[in-house]
Amino acid sequence: MTHQYAWPLGLLLDEVWLKSRRNLIQSLENESLWIGVDEYRDFMICQGRLGTTLRKDILDPVLGDDSAILHSRAIFGKYNRRFRYRLPYTLAFGHELGYYLASVYGLNHDESLNIARLSSLFNTGISIVDLIVDCGLEQNKLSDWLPRDTMVKLATNECVEDYINQACEVEHRIALRVVSGFFQMLFSSTEDSDRITKYLMPALTRLYIAEENSVGNRTDCNGYTTSSSKSVGPFLFIEKMALVTRSKPTHKAPLTLGHKIGKTFWLLDDTVDLIDDYRNNSLNIILEKSKKKLEKNSFKYEISYQLLTEILEGKILDRTVKEILETIKTCLNLIQISALGKDKRDDFAKFYLVYIRDWMS
Amino acid sequence: MNCTRGGILASISSGIEFLFKCRNSNGLWCDFNTLAGKSVDWVSSYVISSLADLAIYDEFLDRTLLYESTKEILYLQRPNGGWGYNGSVPTDSDSTAWALLALSCMPQWKPSAIEKGLSYLSRHQDITTGGGFSTYDEYDRIDEYINVEDKSLVKGWMSSHVSVTALALEAFLFCGQTNRSPILEHGLEYLLKAQERDFSWKCHWWSTESYPTYQTAKILALCKRLDIQQYMAIQGFLLLKLKNERAPSTNDWEGPQAFDAANDLLTILLFPERSAGLQANDLLKLLLQAQLSDGSWPASPILRIPPPMTENAMNIQEWGIDLMGTQVIVTDQERVFTTATVLSALSTYCDAFK
């Protein structure tokens, strides 16, 4: 028997939204990790310009005749606006992250730039696949439009054009072109394609499975793993690309920084998107943990009220914010003790902190 | 006239500057002088929504100013969850849809405002007559506002309308509904049935088909209910229209007005890879040429105010231009509404082709 909750649902949503933002921003401000508005704006203007250049240099050639449709107001359903607005920053973020991670792992400038370009395209591809899958439409089921064996076909360039042209949705065609373009760029970046097949393809397969598991019926027991793999996986992959494609491979180097940065944005994303994810029943680690905790108790109110109350009154949100803060500090420390020159270390740290602010906008 | 990326960006930049100069002290805009006064809530929401689409041009557009304006819109929400034409007119679903679309572009400071707004909107969907959204329903009390005792005297304003439906559905979609929700399903069916034989859409509140056609084609395409053949048919209609607007002897443009041209260009750009590039270029040139020295675009009579009891405004032949009252077509005298629309079209063109 459940009771009627006296507090309107909308107000609970407001409270959750306020609490999550307030906790995060205040914690960052207290540690002087919150970038000022002018510095943020100036940096993002430059990132926007970089993204526009990358679009022309990297993305447009991959998309060919489909490059114009990417800016249509008729694609990606409810994510259309978000996609169009975010595209240059998605390209720029991937580029900068790839460049800095590659530099940290000892790649020279040219090699780092190569990883930056790969990472830019990879980040765009994974974002597009994410959007398509997150739409939750039947025709967007990953295994239907991008079966796992097709990934291999795209990687080996086997009948790519025929396959892409058969895609029934324009969004699928765009995603397939980007994935295919990424593979072409990746395999041409090294003479030793076996290393890619051996070290990168399994990582991609794990990402694919996480993406597939992130929608539909989930069980609480795999929520954490799926959420983590889906969100942190791309960062790990970018880091691995740097290690695998460099001239002196050191496969056993610890994958720490990329993982920690990925973890920051994963937890940040789930904290900032709490309300949206709640509304859309999307995978979110705070929601998953709160649900799991509730399962141990009997339900007093309807699940939606109970869940929001748990987030407001419980400790999961506070703990997540604390974890974000700790992860940020660890990352900044790893950047500072890296072998990069001082200017580059400072630039990397600034890039990281600006995007943390950006994630919250 | 400079049709390069630089030229288009210069035009966008001065258009944005014009709009920001027009803001009142609260950071909002007003336009369309009617018997009910000028619109603030509706026009401002439309402008914010249009400018949010230009947010990528952050060299010209200060997002913090846009946030301020959006917060003002949030404060204007009425206790019933809706927004109105301005503060003195009852709430309506078109203004509410635009306000929700404006809010959906920004961080969701107050999720309950969205919940209440959507709840208000859903009340206006009439499933019994096909799933369209009316501008007003009986709880809005538009009859009391215009001082009539018989509700049948406002039945025209309380009927389902094409562009209102398209915008309401877009608000539902961008506020989180999936394409397959019953609200969207019913609304989309209504829109598909409302298409004219020439493949355009017409609407009670608008003097031409350009705006309703763009808004309707957009939501149908976003929800995967407009296939490429249907789109090509709409494009065919637009191309014929544009051809007819050229003077036969000189081939010079005799129209369309900037507002219509911008909406036609936006429709053409829904599927840019299939678009008739020549026509898109013609419209682009027309718009760049038409820009005034202050950065705005010339206004024209676009907003139709039919008599409140009239259910089919298309049957009325005689309309007063810029007069007070009803059965009139009103110009956006401040040029705010047209300028915001043209900026959307130019930025879409620039993103796709430059």
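We name chains A, B, ... by the order of the sequence lines, and we start the count at 1 in each one.
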Taking all atoms of both residues into account, what is the closest heavy-atom pair of A/I69 and B/P272, and its distance?
CD1-CD, 3.7 Å
Would you check if the side chain of A/D14 reaches a backbone N or O of B/S112 as a donor-acceptor pair within less than 3.5 Å?
yes
Would a distance-only check, ignoring hydrogens and angles, find a side-chain to backbone donor-acceptor pair under 3.5 Å from A/W17 to B/Q108?
yes
B/Y349 versus chain A, heavy atoms under 4.5 Å apart: side chain, backbone, both or neither?
neither
Give, as side chain, backbone, both or neither, the part of A/R55 having an atom under 4.5 angstrom from any heavy atom of chain B.
side chain
What part of A/N80 gets closer than 4.5 Å to chain B, counting heavy atoms only: side chain, backbone, both or neither?
both
Find the distance between [atom1] ([X]) and [atom2] ([Y]) and round it off to the nearest 0.5 Å.
{"X": "A/K78", "Y": "B/S104", "atom1": "NZ", "atom2": "OG", "answer": "12.5 Å"}
{"X": "B/T267", "Y": "A/R73", "atom1": "OG1", "atom2": "CZ", "answer": "11.0 Å"}
{"X": "A/H71", "Y": "B/T348", "atom1": "NE2", "atom2": "OG1", "answer": "10.5 Å"}

Scored by heavy-atom pairs under 4.5 Å with chain B, the best of A/R49, A/R82, A/R21 is A/R49
Sub-4.5 Å side-chain heavy-atom contact between B/R63 and A/V37:
no
If you measure from the Lys or Arg side-chain nitrogens to the Asp or Glu carboxylate oxygens, is any gap between B/K224 and A/E171 under 4.0 Å?
yes
Got a salt bridge between A/R279 and B/E115, using NZ or NE/NH1/NH2 to carboxylate O under 4.0 Å?
yes
